[in-house]
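Per chain, numbering begins at 1; letters A, B, ... match sequence-line order. Given the structure is predicted, the values throughout are model-derived calculations rather than measurements. Both backbone and side-chain heavy atoms feed into the values below; hydrogens, waters and symmetry mates do not.
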Number of protein chains: 2
Amino acid sequence: MPTGAAQTKPSPHVQRKRRKRRAEILHAALRAFRTKGYHATTLDDIADDLGVRKTALYHYFPDKETILYECHREALGEIKRLMKEAQKLDTAEERLAHVIQEHVRVMTDTLEGSPLAFEVPALSGRRQAQVIAARDRYEGELRQIIDDGIKSKEFRPVDSKLAAFAILGAINWIARWYQPEGPLQGSELGAEFADYLVGGLSNARACDEIPDEMESSS
Amino acid sequence: MPTGAAQTKPSPHVQRKRRKRRAEILHAALRAFRTKGYHATTLDDIADDLGVRKTALYHYFPDKETILYECHREALGEIKRLMKEAQKLDTAEERLAHVIQEHVRVMTDTLEGSPLAFEVPALSGRRQAQVIAARDRYEGELRQIIDDGIKSKEFRPVDSKLAAFAILGAINWIARWYQPEGPLQGSELGAEFADYLVGGLSNARACDEIPDEMESSS
DNA sequence: TCAAATTTCTACCCGTCGTTCAGTTTGTCG
DNA sequence: CGACAAACTGAACGACGGGTAGAAATTTGA
């Protein structure tokens, strides 16, 4: 029993409509953030995209920052899902390729070329901490995949932390140059990125295995 | 004969002092931009860092945007220089490694972990176009290095445009996590990045050359 | 078709921040 | 020391943009 009031519950059909509207707002915001950045985006910018006055937005979100935060929540959900998928795969190389490919595809195809990684500092206090924690978790898992690959000799022995940062940087930066109307499909882009960024770690190439006699010191 | 006036020229010593102060302001701004972003940074933020009131800044720069623009000019100068250096090297692999290594080093060691690539959209009109043109030139040269390497068989045949974007993304993203006080030196970081990002392209590994019989069709 | 609920609009408030300006302090040079 | 320029200050302005209140319009459901 929350704030106990006799509110006639919102009805099932109207709820779906409201949800849809919320999503539309979030995506309009995402588009605006991508081109101008969060701080340079006004509520009017977002509202104009929907053919509405800015005050209408306040029926769905209490303030501007919450809009950004909800965008983050949606994105983090996708990220979490894709990482879970990846964990089912057998080799580190497959896992890493899947993460890169899907991360790129989600950004481009379902998140308006998500510029969210750019806007974490715009969140304040508790929310920023939450998003950073989730991001750190993701980075840690990505790093783990790389370390696993190194241990299994699939990858060269690089600094997994830096490699993870490099990979995420390359991916996040896509928001800066990707054009949804352009000829490049998100999945192709993802495949190319996975190829380049994984190839950079893969030790086994066209040539056969390299014997590992150097690290047996005794 | 410009706007002919009998201005007593500024004296040589006072000029150097002024230049130094300008540089200090630019670097304070750079630090602020890195942590908060351009739009979220107030002139008070920059001024406070220098122990001064914001109005003092107006004796050196006519407005906030010009401060950002001058930061960009300084950075682009460094970038141009480093690319020129790279062009003297013999192999594409050496050139690419040098560009990456130096780009990273300049960002971390001399530009306060430069967040400038994030702030291009904050410039308006003519200036933005100028910076973008310079950036595009740089990207083109980087891409050329990659294409050269592919042609000479040093690199795998990847999409050079995407590879260049990936590399620049990885580098630019450094601004987001690099901590000047941290243990990691800029040059080490540069070396690691060059290793990973070039290794991703290098076709020749520990194993000897791969005979190229597949593309001689006739 | 009508009432209740939901969504959106018009009009306004108010804090922040870039910017201006007139004046004071600090520094330089003869 | 004295004259002048450079560096800086403090007060105030004005615009922009986030946020609020209440009225109007639209949709929902009988």
Side-chain angles (χ1 to χ4, degrees), chain A residues 5-26 28-29 32-33 35-71 119 121-125 127, chain B residues 5-26 28-29 32-33 35-71 119 121-125 127:
Chain A
Q7 290 190 126
T8 53
K9 50 186 169 183
S11 130
H13 169 249
V14 91
Q15 250 181 348
R16 247 184 309 137
K17 198 169 177 185
R18 184 179 176 84
R19 240 194 264 267
K20 185 182 172 188
R21 196 65 172 144
R22 274 178 62 103
E24 283 173 0
I25 294 173
L26 254 30
F33 295 161
T35 50
K36 317 177 75 168
Y38 173 78
H39 289 293
T41 297
T42 71
L43 291 177
D44 281 322
D45 289 333
I46 300 172
D48 285 356
D49 189 7
L50 298 165
V52 124
R53 303 276 162 253
K54 67 175 174 184
T55 46
L57 306 179
Y58 283 90
H59 278 265
Y60 299 91
F61 302 96
D63 51 36
K64 188 187 177 190
E65 194 196 301
T66 302
I67 294 178
L68 177 61
Y69 176 64
E70 292 298 324
C71 287
E119 306 298 356
L123 294 168
S124 48
R127 287 170 166 177
Chain B
Q7 288 194 129
T8 53
K9 49 187 170 183
S11 130
H13 169 249
V14 90
Q15 250 181 348
R16 248 183 308 137
K17 200 169 176 184
R18 184 179 175 82
R19 240 194 265 268
K20 185 181 172 188
R21 195 61 171 150
R22 274 179 62 103
E24 283 173 0
I25 294 173
L26 254 32
F33 294 161
T35 50
K36 316 177 78 169
Y38 173 78
H39 288 292
T41 297
T42 71
L43 291 177
D44 280 322
D45 289 332
I46 300 172
D48 285 356
D49 189 8
L50 299 164
V52 122
R53 302 282 162 244
K54 64 177 171 183
T55 47
L57 305 179
Y58 283 89
H59 280 265
Y60 299 92
F61 303 97
D63 51 37
K64 188 187 177 189
E65 194 198 301
T66 302
I67 293 177
L68 176 61
Y69 177 64
E70 291 298 325
C71 288
E119 305 298 357
L123 294 168
S124 48
R127 286 169 166 178

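In terms of heavy atoms, G37(B) sits closest to T41(B) at O-OG1, 2.6 Å.
Closest to the side chain of R53(A), from the set dC8(D), dG18(C), dT10(C), is dT10(C).
Distances shown here put every side-chain N or O of Y60(B) at or beyond 4.0 Å from the OP1 or OP2 atom of dA6(D). Contact annotation: R21(B) side-chain N/O to dA7(D) OP1/OP2 distance is not under 4.0 Å. Distances shorter than 4.0 Å separate none of the side-chain N or O atoms of R18(B) from OP1 or OP2 on dA6(D).
In this structure, the CZ atom of F61(A) is 15 Å from the P atom of dG18(D), given to the nearest Å. Counting to the nearest Å, the P atom of dA12(D) and the CG atom of D44(B) are 17 Å from each other. Separating the CD atom of E24(B) from the C1' atom of dA7(D) is a distance of 13 Å, rounded to the nearest angstrom.
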Side-chain atoms of residues 42-50 of chain B: list all donor-acceptor pairs with protein atoms under 3.5 Å, sequence neighbours left out, distances to 0.1 Å.
residue: T42(B); atom: OG1; partner: D44(B); partner atom: N; Å: 3.3
residue: T42(B); atom: OG1; partner: D45(B); partner atom: N; Å: 3.1
residue: T42(B); atom: OG1; partner: D45(B); partner atom: OD2; Å: 3.3
residue: D45(B); atom: OD2; partner: K36(B); partner atom: NZ; Å: 3.0
residue: D45(B); atom: OD2; partner: T42(B); partner atom: N; Å: 2.9
residue: D49(B); atom: OD2; partner: R31(B); partner atom: NE; Å: 3.2
residue: D49(B); atom: OD2; partner: R31(B); partner atom: NH2; Å: 3.0

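Note that the CZ atom of R18(B) and the NE2 atom of H59(B) stand 9.0 Å from one another [nearest 0.5 Å]. Rounded to the nearest 0.5 angstrom, L68(A) CG and L123(A) CG are separated by 4.5 Å.
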Can you give one letter per nucleotide of nucleotides 19-30 of chain C, going 5' to 3': B for a protein heavy atom under 4.0 Å from the base, S for sugar-phosphate only, - for none?
BB------SSS-
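When the salt bridge (charged side-chain N to carboxylate O under 4.0 Å, His left out) test is applied to R22(A), the partners found at least two apart in sequence or on another chain are E70(A).
Counting heavy atoms from C-beta outward, V52(B) and E24(B) have side chains that stay 4.5 Å or more apart.
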